[in-house]
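Each remark here refers to the structure printed beneath this line.
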Amino acid sequence: VPEPWWGGPTAVMTTLFPSVVLQQQVNSVSTRHIQPDGFGAFNFEWTHFGFEDDDAAMTQRRLRQANLFGPAGFVSADDGEVIEHSQSAFESKPFHRALAELGGREVGDTDHMVTETLIRGMYRYWREVMEAP
Amino acid sequence: MKFEDHFALSQLYASYASIVDAADWDAWCELFTEECSYRLVPRENFERGLPLATLSFESKGMLKDRAHAIRETLFHDPYYQRHIVGAPRVLRVEGETIHCEANYAVFRTKLSELTTVFNVGRYLDAVVRTPGGLKFASRQCIYDSELIPNSIIYPI
């Protein structure tokens with residue numbers, strides 16, 4: 001999302017298939033790493049970055065902004081809560097299937113975020129890589 | 001340390017546990033001084049001197065932000081928490097400041113689920129005398145439970 005006061009996008013997320021997210025939100029730079037832990041569980045590891053040439057004020061700024069992220073963070077704690085809710089719903093009827101149909105059934109670029117195209121795209125590629133031909 | 005001071009300190013610890021278990025977030029803010037510190041720190045980071053905290057608030061205003069977020073912005077599955085806090089151990093007294101610590105265990109109960117151990121650790125505190133009684137100038141929750149069961153919404 002480009003913001004004029006910042007001079008560029010304030011939030012940039014890059015997902016590396018299948019399990020790492022590189023995240024930059026303003027001065028907060030971090031990675032999120034999904035580590036599978038058996039069936040139905042994974043560990044979610046956050047790593048926050050600072051740099052050798054950061055001055056004390058920049059380090060303080062990064063630490064302060066870290067309150068936004070991680071398992072208790074102001075903007076990320078509820079991501080985990082929502083995912084847990086979704087998982088509970090998927091598992092509630094094991095004989096059914098869950099469909100992520102927000103924004104249709106296709107995979108493609110959009111100019112908005114009200115879509116599950118990224119989830120569909122991830123699983124489409126997952127099947128391509130993991131399924132026997 | 002005089003008996004009545006130790007009694008007041010014990011009451012402060014008991015009030016803290018009672019207030020956070022009752023989900024009274026406004027009262028939680030009022031247990032702190034204006035210029036305060038509240039930190040939720042993994043034990044590994046604390047012992048290695050690493051500065052990153054799971055939460056790090058630097059004023060009562062930031063505590064009020066959290067209270068607002070819990071009520072208004074942080075979508076979450078509500079849960080009960082139950083604090084079991086050991087007796088405060090006074091480390092030293094410097095002027096008006098009492099440096100003290102206590103072990104704690106927090107249990108979590110969600111609707112229709114079994115109670116689980118949620119977060120276990122040690123409070124490391126600086127408590128000061130104010131006209132309104134003893135308040136926390138600093139409370140660090142140094143937790144052993146580094147594998148967090150998804151999220152921590154409410155203050156420990």
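In the text below, chain A, chain B and the rest are named by the order of the sequence lines, each starting its count at 1. As the structure is a computational prediction, the values presented were derived from the model and not from experiment.
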Linking I/L/V/M/F/W/Y whenever their side-chain heavy atoms sit closer than 4.5 Å, directly or via other members, would B/Y104 and B/V90 fall into one cluster? yes
Are B/I156 and B/I142 joined in one hydrophobic group, where the rule is that I, L, V, M, F, W and Y side chains link up if heavy atoms are under 4.5 Å apart? no
Max heavy-atom pair count under 4.5 Å with chain A, selected residue of B/P51, B/A69, B/A53: B/P51
When only pairs under 4.5 Å are counted, which of B/I148, B/I70, B/D77, B/I153 shares the most heavy-atom pairs with chain A? B/D77
Would you indicate whether [X], at its atom [atom1], is surrounded by more than 12 heavy atoms from other residues, nucleotides or ligands within a distance under 6.0 Å?
X      : atom1 : result
A/F95  : CZ    : yes
B/R43  : CZ    : no
B/F3   : CZ    : no
B/R71  : CZ    : yes
A/F51  : CZ    : yes
B/L111 : CG    : no

Heavy-atom pair of closest approach, residues A/D78 and B/L74: OD2-CA, 3.7 Å
If every non-hydrogen atom of A/A77 is compared with every non-hydrogen atom of B/S151, which pair is closest and at what distance? O-CB, 3.9 Å
Turns out that what part of A/N43 lies under 4.5 Å from chain B's heavy atoms comes down to side chain
Where does A/F74 contact chain B at under 4.5 Å (heavy atoms): side chain, backbone, both or neither? both
Report the distance from atom CG of A/D79 to atom CG of B/N150, rounding to the nearest 0.5 Å. 10.0 Å
NZ/B/K110 to CD/A/E84 distance, rounded to the nearest 0.5 angstrom? 4.0 Å
May I ask you to name which of A/G50, A/A72, A/G73 has the most heavy-atom pairs under 4.5 Å with chain B? A/A72
Are A/N67 and B/S56 close enough that some pair of their side-chain heavy atoms sits under 4.5 Å apart? yes
From the list B/I152, B/T54, B/L55, side-chain contact (heavy atoms from CB on, under 4.5 Å) with A/P71 holds only for B/T54
